[in-house]
Structures are given as C-alpha cells and as structure tokens.
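Working notes for the structure below.
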Amino acid sequence: MPETESSHTEEARKRVLLVWDAPNLDMGLGAILGGRPTAAYRPRFDALGRWLLGISADISLETGHEVEPEATVFTNIAPGSADVVRPWVEALRNVGYAVFAKPKIDEDSDVDQDMLDHIALRQYTPGLAGVLVASADGQAFREPLEAIAAEGVPVRVIGFREHASWAVSSTVLGFTDLEDIPGVFREPLPRVSLDSLPDQGAWLQPFRPLSSLLSSRTQ
C-alpha cells in the first residue's frame, strides 16, 4: 500500500511538552507576594501559550519538522473548593491546555508522581522535541529532567529564580524566569532579593502567620 501524504505528515510531526506544576508555582508566587495573588499578579496562560507557540515555531525552523505544543496544568482540588476552582479550570481548557486535577485528600495525594509519569510517557513516545517544566521542585524533577537532556532533548525549567537555584545554575538545563515571559503578569512582581536590596532597605513579609505554629502542634 503506497504511503500517503498524511502518513508522512504524522511521521514528521513532533511535540514540545509543557508541564505546569500549579501547587508548587502557587506556593512560590504566594511567597513573593506575601499572600494570595490578586488578579494583577495571576499568571496569564494565554500569554504563556503564545510564548510556547513561538518556541515550537523556532524548533520547527531549526529541525525542518512540524512541531506542536502540548501543554498540561497539574493541580490539586481541595475538599469544598470545586466551585471556586471550576472557572479557572474551564478557562485553561478554553485556551488550549489540558488539565489533570486530583483531589487533595492528604499529604500523599499531591500531583508530583502524576507529572513524572506523564513526562516519562512522552519521553518514550517518538517525536519528543523539547520539554518545559514549570516548577521549582528540584527534588522531584532535577534527575529526571537531566536524564532527558542527556538524551539530546532540549529541557527548560520555568519558575522564579529565587526558588529554583538548581535550575538557574544547571549546565544541562535551561531556565526561564516566569516574569521574563512577555505578558504573563499584568504588573511587575514586588520581588526583593537580598543580593540587590534598595539603599533604604525593604520589608520581607512572613511566608506564613505565627498562628500556624499552634496548628502544627495539634497535628
């Protein structure tokens, strides 16, 4: 049976994988802001999507193969929060993101292993042209991502430089600060670095209230 044009297209098509670790990035953003983000400080996934499409187009030009992005947001759903989270999940799906949602039942019900399983599945599926992981969790991701990079697949970590020194300093992984992606934030983040303090000093807000010490003692 002769090969058709569509079969050649399927053979040539490649994929750039984006995995977004929502719990980890929400925690990092909250630490920078000193609290829950307002609308001005919530990441714009449409801007992230346009940036990802640009990366895919660049790889297409470099390799001569059609490259398509595949983006998935992994998140936990706390008990009783479904109605609050539903509009965000639906908005992501409308933009073009897949969403993996998992109930947050206990400390062991996070989405780390689900993300690693998804990356491993794509790693051994023909056509992987690049991997981008939005997370600062070096304990979960560093070794698996370095193993993929060792196979010659470009790997990039997206996150906040304050929380991902393992990726910023890596010689095999690329790093992009989330705030450096055009349009992802409507307003500049109020970031303060101990290496570049203003002359008049700066307030560093607590990551959590002192009252959390009481709740931790009762657990």
Side-chain angles (χ1 to χ4, degrees), residues 14-33 37 40-60 62 67-76 88-89 91-93 95-100 110-120 122-123 128-150 153-191 193:
K14 294 185 178 296
R15 174 190 296 112
V16 172
L17 181 68
L18 169 66
V19 170
W20 181 280
D21 182 354
N24 183 272
L25 287 180
D26 288 351
M27 182 172 59
L29 183 57
I32 290 172
L33 298 174
Y41 295 124
R42 290 194 181 97
R44 294 183 56 186
F45 283 88
D46 56 338
L48 178 69
R50 285 189 288 271
W51 179 76
L52 179 58
L53 286 166
I55 286 180
S56 301
D58 290 342
I59 295 176
S60 295
E62 293 172 3
V67 176
E68 294 181 349
E70 177 191 330
T72 304
V73 175
F74 287 76
T75 189
N76 281 122
W88 175 69
V89 170
L92 287 171
R93 296 172 69 189
V95 172
Y97 293 82
V99 177
F100 179 88
D110 56 37
V111 291
D112 288 0
Q113 191 58 51
D114 302 287
M115 290 184 287
L116 291 171
D117 290 344
H118 181 60
I119 293 170
R122 292 295 181 256
Q123 180 181 359
L128 186 61
V131 176
L132 299 98
V133 172
S135 179
D137 189 350
Q139 183 175 355
F141 291 111
R142 182 172 187 169
E143 289 187 6
L145 294 183
E146 288 179 345
I148 295 174
V153 177
V155 180
R156 179 166 294 273
V157 174
I158 305 169
F160 302 111
R161 58 183 177 272
E162 298 94 327
H163 307 142
S165 59
W166 60 275
V168 174
S169 60
S170 175
T171 59
V172 296
L173 305 176
F175 179 80
T176 296
D177 193 283
L178 189 58
E179 195 173 10
D180 291 338
I181 299 175
V184 166
F185 293 105
R186 292 179 176 85
E187 301 289 342
L189 296 179
R191 303 169 88 163
S193 169

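Values below: all heavy atoms of this structure, side chains included; hydrogens, waters and symmetry mates excluded.
Within the 4.5 Å cutoff, the side chain of W51 has no heavy atoms near those of the V184 side chain.
Panel note: side chain S56, backbone V67; no donor-acceptor pair is recorded below 3.5 Å.
To the nearest 0.5 Å, atoms CG (D21) and CG (D110) are separated by 8.5 Å. Note that CG of D58 and CG of L53 are 11.0 Å apart. Values are rounded to the nearest 0.5 Å. Put simply, CG on L48 and CH2 on W20 are 5.5 Å apart, with the number rounded to the nearest 0.5 Å. Once rounded to the nearest 0.5 Å, the distance linking CZ of F185 with CZ of R44 reads 11.5 Å. For the atom pair CD1 of I119 and CG of L132, the computed distance is 10.5 Å after rounding to the nearest 0.5 Å. Atom CZ of F74 is separated from atom CG of N24 by 13.5 Å, given to the nearest 0.5 angstrom.
For Y97, the ring-ring contact (aromatic ring centres under 6.0 Å, His included) test picks out F45, with sequence neighbours left out. Qualifying side-chain hydrogen bond (donor to acceptor under 3.5 Å, both in side chains) partners for R142, counting only residues two or more places apart in sequence or in other chains: E146. Looking at residues two or more places apart in sequence or on another chain, you find no side-chain hydrogen bond (donor to acceptor under 3.5 Å, both in side chains) involving T72.
Between A129 and V153, the shortest heavy-atom contact is C-CG1, 4.2 Å. When every heavy atom of H118 is checked against every heavy atom of L17, the shortest pair comes out as NE2-CD1, 3.5 Å. Of all the heavy atoms in W88 and A22, the pair that sits closest is CH2-CB, 4.1 Å. Of all non-hydrogen atoms in L33 and P190, the two that sit nearest each other are CD2-CD, 3.4 Å. R15 and E70 make their closest contact through NE-OE1, 2.6 Å (heavy atoms, listed as atom of the first residue, atom of the second, distance). What you find for L25 and F160 is that their closest heavy atoms are O-CE1, 4.0 Å.
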Practice problem: Apply side-chain contact (heavy atoms from CB on, under 4.5 Å) to the pair L178 and L29, showing each step before the final yes or no. | Solution: CA-CA 10 Å; L178 189 58; L29 183 57; over 6 Å; no

Quiz prompt | Worked check of side-chain contact (heavy atoms from CB on, under 4.5 Å) between V111 and F100 | solution = CA-CA 9 Å; V111 291; F100 179 88; 4.3 Å; yes

Quiz item: side-chain contact (heavy atoms from CB on, under 4.5 Å) between E179 and R191: does it pass, once the steps are laid out?
Solution: CA-CA 10 Å; E179 195 173 10; R191 303 169 88 163; 2.8 Å; yes

Exercise. Please lay out, stage by stage, how L173 and F141 fare under the test side-chain contact (heavy atoms from CB on, under 4.5 Å).
Key: CA-CA 11 Å; L173 305 176; F141 291 111; over 6 Å; no

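Atom CD of E143 has 12 or fewer neighbouring heavy atoms from other residues, nucleotides or ligands inside a 6.0 Å radius.
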